[in-house]
Amino acid sequence: MTWERISQSSSLIAAVDRAPPQTVDARLQIKEHLFFGARPMSRECELTGTKPMVGNIVSHSQIKTKRRYLPNLVQVTLRSEALDQNFRMRIAAKALRTVDKLGGLDAFLAKAKEEGLSTKALKIKRDIAKKAVA
């Protein structure tokens, strides 16, 4: 981090402290964002919840070295026919194949269990269910 960024961040943090009263959590979030910057995206599929796995690389001499197996995440735009809307998601390539096989996002979410879905996907699933009832 450059000195200019540090001095700019500290002056902005001081300005946040002088700002009109807000909740303590909001102030902390603003300070965190100013000081640390934006957080990186997680390596997790929004539809299936697939995360990185840990394993070993085993050499010919049986020396084991730790490594991570990352999911093959792709940024895609999926269309919900029920809501008549597009949704941009970061999903695993395997999940994309499953969405295609089941006939689209609506059919996939209808069959999907809630524990693997992200908050965004859960909201879409609930909206589709509301639309189907109405």
Side-chain angles (χ1 to χ4, degrees):
M1 193 182 299
T2 64
W3 176 251
E4 293 170 4
R5 177 151 164 80
I6 293 172
S7 62
Q8 181 185 17
S9 295
S10 60
S11 64
L12 287 171
I13 291 171
V16 168
D17 286 335
R18 290 189 306 268
Q22 300 172 348
T23 63
V24 176
D25 291 336
R27 279 191 177 179
L28 287 174
Q29 285 177 349
I30 293 169
K31 284 182 181 181
E32 242 178 50
H33 182 72
L34 290 173
F35 190 74
F36 295 112
R39 294 207 168 110
M41 292 191 296
S42 65
R43 291 189 170 103
E44 183 177 352
C45 175
E46 291 186 60
L47 292 180
T48 59
T50 305
K51 293 180 180 179
M53 296 188 328
V54 178
N56 290 313
I57 297 172
V58 182
S59 68
H60 178 68
S61 62
Q62 298 298 309
I63 296 172
K64 291 158 185 75
T65 308
K66 285 283 186 186
R67 66 156 288 180
R68 290 179 64 185
Y69 293 92
L70 301 177
N72 182 11
L73 296 177
V74 289
Q75 186 86 34
V76 295
T77 303
L78 297 172
R79 178 146 186 89
S80 170
E81 299 298 327
L83 301 175
D84 196 35
Q85 198 174 355
N86 292 332
F87 296 100
R88 196 170 166 145
M89 303 180 109
R90 195 161 180 238
I91 64 173
K94 183 177 181 179
L96 182 60
R97 293 182 62 188
T98 308
V99 168
D100 285 342
K101 179 182 177 182
L102 294 177
L105 181 64
D106 299 340
F108 179 88
L109 290 175
K111 280 191 162 187
K113 295 180 183 174
E114 292 192 3
E115 60 257 7
L117 299 174
S118 68
T119 53
K120 182 179 177 181
L122 274 173
K123 184 181 181 319
I124 297 168
K125 181 175 180 163
R126 289 187 188 118
D127 290 346
I128 291 170
K130 284 180 192 175
K131 188 90 169 195
V133 171

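Fair warning: this is a prediction, and the values are worked out from it, not measured in the lab. Below, all heavy atoms of this structure are taken into account, side chains as well, without hydrogens, waters or symmetry copies.
Judged purely by atom type and a 3.5 angstrom limit, K120 uses its side chain to pair as donor or acceptor with the backbone of R88. Put simply, the side chain of R79 never gets that close to the backbone of G104: no donor and acceptor are under 3.5 Å apart. Although no hydrogens or angles enter the test, the distance criterion places a donor-acceptor pair under 3.5 Å between the side chain of K125 and the main chain of A112. Of the possible donor and acceptor atoms, none in the side chain of K131 sits under 3.5 Å from a partner among the backbone N and O of L83. When atom types are taken as modelled, the side chain of N86 and the backbone of T77 share no donor-acceptor pair closer than 3.5 angstrom.
Annotation for E44 and L73: closest pair N-CD1, 3.7 Å, computed over non-hydrogen atoms. Considering every non-hydrogen atom in both S80 and F87, the closest pair reads CB-CE1, 3.7 Å. Between L102 and K111, the shortest heavy-atom distance links the atoms CD2-NZ, 4.0 Å. Taking every heavy atom of both residues into account, A121 and L47 meet most closely at CB-CD2, 4.1 Å. Smallest separation of non-hydrogen atoms from A82 and D106: N-OD2, 2.9 Å.
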I would like to know whether L78 and L96 meet side-chain contact (heavy atoms from CB on, under 4.5 Å); could you show each step before the answer? CA-CA 9 Å; L78 297 172; L96 182 60; 4.1 Å; yes

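Residues L109 and L117 form a side-chain contact, since some pair of their non-hydrogen atoms from C-beta on lies under 4.5 Å apart. Residues K94 and N72 fail the side-chain proximity criterion, which asks for heavy atoms closer than 4.5 Å.
With sequence neighbours excluded, no residue satisfies salt bridge (charged side-chain N to carboxylate O under 4.0 Å, His left out) with D100. In this structure, the side-chain contact (heavy atoms from CB on, under 4.5 Å) partners of V58, at least two apart in sequence or on a different chain, are N56, Q62, K64. For the side-chain contact (heavy atoms from CB on, under 4.5 Å) test, residues two or more places apart in sequence or in another chain that qualify with L70 are R43, P52, R68.
Under 4.0 Å is where a charged nitrogen must lie from a carboxylate oxygen, and between D127 and K123 at least one such pair does.
Rounded to the nearest 0.5 angstrom, L122 CG and E115 CD are separated by 10.0 Å. Between atom OG1 of residue T50 and atom CD1 of residue I91 there is a gap of 10.0 Å, rounded to the nearest 0.5 Å.
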